[in-house]
Amino acid sequence: MRKREILSYIFLIIFLILLSFISGIWWLAEAMISIAIYNLITFGVYLIWKLVTKKNKMNFIDFSRIFIYRLSLLLFILVTLIWWFAFYQNDLNPAKMPIYTISNSQKTVIFQNMSHIWSQNFYDSVIENIRKYKKEKFVLFYEGVRPWKEESMKDFDNALWVQFDEDLYENFSKLYWVVYQNNEDLLWLVNNLDFNIDLGIDEIMEIYKEKSHKNNNNVSIQSKEAIDLSQEIVSALSELSPRELSVLRYVNKSIINFMIKNDGFRDTLIENMWNTSLFDVILDDRNKNLAKEIEDSEYNKIIVTYWLMHFDWVFSILKNNDNNWRIIKTDYIYLTK
C-alpha cells in the first residue's frame with residue numbers, strides 16, 4: 001500500500017471521528033453507510049463501462065482502495081479550503097467598518113457605517129463614539145424604518161419575498177454567533193438630540209408602486225408569496241446540536257466578513273437574490289432622503305448611523321449638489337474586536 005493511501009485513510013478516520021464528535025454517533029453511522037453505498041454504485045458504473053469498452057477490470061477490493069483514497073483526497077481539499085477561508089476571514093483579516101468624517105466647511109458629518117447584526121463589542125464602540133461626539137455638540141441622525149400600515153407591510157413582504165418582522169434580525173444573529181442591532185441602545189445618549197430621518201414602510205411602498213406603475217411593472221408588487229424566513233431559521237436551529245451550531249456560526253461569520261469587505265460580490269448577491277426594483281427604492285430613495293435631511297438640517301454637526309451600503313451614494317449626492325464636500329478623515333472599527 002502506498003504512503004499517500006495510508007495518509008488518506010488516516011485523514012478519513014480523523015474526519016469521521018470529528019464528525020461523530022460534532023454531530024453524534026448516528027451521523028458517523030450514516031456517513032459510513034453512505035460511503036459504502038456510493039462505493040457500490042460507482043463500482044457498478046465502473047463495471048458497466050468496462051463491459052462496454054471490453055477492457056480489463058479491477059476486482060472490488062482494489063477498486064474500493066482507489067475509491068476511498070480519492071474520496072479522502074476530495075474531503076481533505078474541501079475541509080482545508082473551508083477552514084482556511086473561515087480562519088482567514090475571521091481571525092487573520094476580519095472586516096472593519098469605516099467611519100467617514102466629511103465636511104463642506106459649513107457642516108461636519110460623521111458617517112458611522114453600520115451592520116445590522118454583529119458583535120456586541122462593535123455596538124459598544126459605536127455607543128462610545130456617539131457619546132464622544134455628542135459631548136462635542138453633535139446631533140444623531142439614525143436609520144430606523146418608522147411605523148407602518150398593515151397593508152403596506154404585507155405588500156413590502158411580498159415584494160421583498162420575505163416576511164420582514166421584528167424577530168428576523170434577532171434570529172439571523174443566532175446563526176452567526178453575533179447580536180442584532182438594537183437602536184434603543186444608541187439613543188438618548190448625553191442628550192435627546194436624536195432624529196429618525198429614515199423613510200417609513202408606507203412611503204417606501206408608495207414610491208415603489210408609483211415606479212412600478214410607470215414601468216408597467218405592477219405585477220412585481222405581489223410577485224411571490226413572502227417566506228417566513230424567521231420561522232425557517234428557528235426551525236433549522238432546533239435541528240442542530242450545540243457543536244454543529246458552533247461550526248455553522250464560525251463559517252457563517254466568515255461569509256459576512258467576506259461580503260462586507262467585497263462590495264462587488266455583495267452587490268451581485270443582492271441583485272440576484274432580491275427584487276431589484278424594491279432595492280432601488282430601499283437604497284436610492286433613502287439615500288436621496290438622507291442627503292436632503294443633511295443639507296436642510298439646522299444643525300452643522302451631525303453623526304449618522306446608517307447601513308454600510310449607503311455612504312458612497314449619499315456622499316456622491318452631497319458632492320453633486322455642493323462640490324465643497326470632502327472626506328477629511330477615515331477611521332475604522334474592527335467588527336470582531
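Note: hydrogens, waters and symmetry copies are ignored here, and every other heavy atom, side chains too, is used. Nothing here was measured: the structure is a model prediction, and the numbers come from that model. Residues take their numbers from the sequence shown, with the count starting at 1.
Atom CG of Leu193 sits about 9.5 Å away from atom CG of Leu140, to the nearest 0.5 Å. In this structure, CG in Leu12 is found 11.0 Å from CD1 in Ile10, a value given to the nearest 0.5 Å. Atom CG in Leu47 sits 9.5 Å away from atom CE in Met58 (nearest 0.5 Å). Between Asp185 atom CG and Ile130 atom CD1 the span is 10.0 Å, to the nearest 0.5 Å. One finds the CZ atom of Phe141 at 6.5 Å from the CD1 atom of Ile197 (value rounded to the nearest 0.5 Å). Taking CD from Glu206 and CD1 from Ile201, the interatomic distance works out to 13.0 Å, rounded to the nearest 0.5 Å.
The shortest side-chain heavy-atom distance between Thr108 and Ile302 does not fall under the 4.5 Å cut-off. Counting heavy atoms from C-beta outward, Glu143 and His116 have side chains that approach closer than 4.5 Å. With a 4.5 Å cut-off on side-chain heavy atoms, Asn252 and Ile256 do not count as touching. Counting only heavy atoms from C-beta outward, the side chains of Tyr142 and Asn196 approach each other to under 4.5 Å. Under the 4.5 Å side-chain criterion, counting only non-hydrogen atoms from C-beta, Ile37 is in contact with Ile41. Under the 4.5 Å side-chain criterion, counting only non-hydrogen atoms from C-beta, Ile110 is not in contact with Val304. Using a 4.5 Å heavy-atom threshold, the side chains of Ile66 and Tyr46 count as separate. Side-chain contact between Glu5 and Arg65 is present, with at least one heavy-atom pair separated by less than 4.5 Å.
Remark: side-chain polar atoms of Ser254 are paired, donor with acceptor, to backbone N or O of Val251 under 3.5 angstrom. Of the possible donor and acceptor atoms, none in the side chain of Asn113 sits under 3.5 Å from a partner among the backbone N and O of Met97. Listed for the Arg326 side chain is a donor-acceptor partner under 3.5 Å among the backbone atoms of Asn323. Looking only at distances, no side-chain donor or acceptor of Ser115 sits under 3.5 Å from a matching main-chain atom of Trp118. Although no hydrogens or angles enter the test, the distance criterion places a donor-acceptor pair under 3.5 Å between the side chain of Glu203 and the main chain of Gly200. Side chain of Asn39 to main chain of Ile35: no donor-acceptor pair is present (N/O by atom type, distance under 3.5 Å, no hydrogens or angles). At least one donor-acceptor pair under 3.5 Å links the side chain of Lys261 to the backbone N or O of Asn93.
Residues Val109 and Val190 do not share a hydrophobic cluster, clusters being chains of Ile/Leu/Val/Met/Phe/Trp/Tyr side chains in contact below 4.5 Å. No continuous path of hydrophobic side-chain contacts links Phe63 to Ile48 [ILVMFWY only; heavy atoms under 4.5 Å]. Trp313 and Ile207 sit in two unconnected hydrophobic clusters of ILVMFWY residues. Membership requires side-chain heavy atoms under 4.5 Å apart, directly or through other members. By the criterion of side-chain heavy atoms lying less than 4.5 angstrom apart, applied directly or through intervening Ile, Leu, Val, Met, Phe, Trp or Tyr residues, Tyr332 is not grouped with Ile328; the two fall into different hydrophobic clusters. Criterion: ILVMFWY side-chain heavy atoms under 4.5 Å apart, direct or through other members. Under it, Leu28 and Tyr9 are part of a common hydrophobic cluster.
With hydrogens and angles left out, the side-chain atoms of Asp312 and Tyr100 include no donor and acceptor closer than 3.5 Å. Between Glu244 and Ser23, the side chains place a donor N or O and an acceptor N or O closer than 3.5 Å (distance only, hydrogens not considered). In this structure, a donor-acceptor pair under 3.5 Å is absent between the side chains of Lys253 and Gln89. No hydrogens or angles considered: nothing links the side chains of Asn289 and Asp198 as a donor-acceptor pair under 3.5 Å. No side-chain donor from either of Asn121 and Tyr334 sits under 3.5 Å from a side-chain acceptor of the other.
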Checklist entry - What's the verdict on side-chain contact (heavy atoms from CB on, under 4.5 Å) for Leu186 and Met114, showing C-alpha distance, side-chain angles and the deciding distance? => result CA-CA 12 Å; Leu186 311 180; Met114 300 295 292; 4.1 Å; yes
Checklist entry - Going through the checks in order, is the side-chain contact (heavy atoms from CB on, under 4.5 Å) test met by Thr101 and Thr330? => result CA-CA 6 Å; Thr101 302; Thr330 304; over 6 Å; no
Next on the checklist: Between Tyr250 and Asn90, does the side-chain contact (heavy atoms from CB on, under 4.5 Å) criterion hold? Intermediate values first, please.
Outcome noted: CA-CA 8 Å; Tyr250 189 72; Asn90 291 338; 3.4 Å; yes
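Within a 6.0 Å sphere centred on CD of Gln106, other residues, nucleotides and ligands contribute 12 heavy atoms or fewer. Annotation for Lys50: atom NZ counts as buried by contact number, over 12 foreign heavy atoms lying within 6.0 Å.
Applying the salt bridge (Lys or Arg N to Asp or Glu O under 4.0 Å) rule to pairs touching residues 119-142 yields Lys134-Asp194, sequence neighbours excluded.
Here Phe60 and Phe43 bring their ring centres to under 6.0 angstrom of each other. In this structure, Tyr306 has its ring center no closer than 6.0 Å to that of Phe311.
Taking every heavy atom of both residues into account, Ile303 and Phe138 meet most closely at N-CD2, 3.9 Å. Leu92 and Trp84 get closest at one heavy-atom pair: CD1-CH2, 3.6 Å. Of all heavy-atom pairs between Gln112 and Asn129, the closest is OE1-ND2, 3.8 Å. Considering all non-hydrogen atoms of both residues, Trp188 and Glu184 come closest at NE1-OE1, 4.4 Å. Across all their heavy atoms, Leu199 and Arg286 have their closest contact at CD1-CG, 3.8 Å. Residues Ser241 and Ile22 approach most closely at OG-O, 3.1 Å, considering heavy atoms.
Phe21 pairs by the ring-ring contact (aromatic ring centres under 6.0 Å, His included) definition with nothing, not counting sequence neighbours. Residues passing the salt bridge (charged side-chain N to carboxylate O under 4.0 Å, His left out) test with Lys329, sequence neighbours excluded: Asp331. Remark: Tyr299 pairs with Phe195 by the ring-ring contact (aromatic ring centres under 6.0 Å, His included) rule, at least two apart or across chains.
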Only distances under 3.5 Å count here; give the side-chain donor-acceptor pairs of residues 314-322 to other protein atoms, sequence neighbours excluded, each with its distance to 0.1 Å.
unit_1, atom_1, unit_2, atom_2, d
Lys319, NZ, Trp325, O, 3.1
Asn320, ND2, Ser316, O, 3.3
Asn321, ND2, Glu295, OE2, 2.8
Asn321, ND2, Ile317, O, 3.4
Asp322, OD1, Asn324, N, 3.0
Asp322, OD1, Asn324, ND2, 3.1
Asp322, OD2, Asn104, ND2, 3.1

For residues 71-83, run the donor-acceptor check on the side chains, cut-off 3.5 Å, and write out each pair with its distance to 0.1 Å, sequence neighbours left out.
unit_1, atom_1, unit_2, atom_2, d
Ser72, OG, Ser8, O, 3.2
Ser72, OG, Ile68, O, 2.8
Thr80, OG1, Phe76, O, 2.7

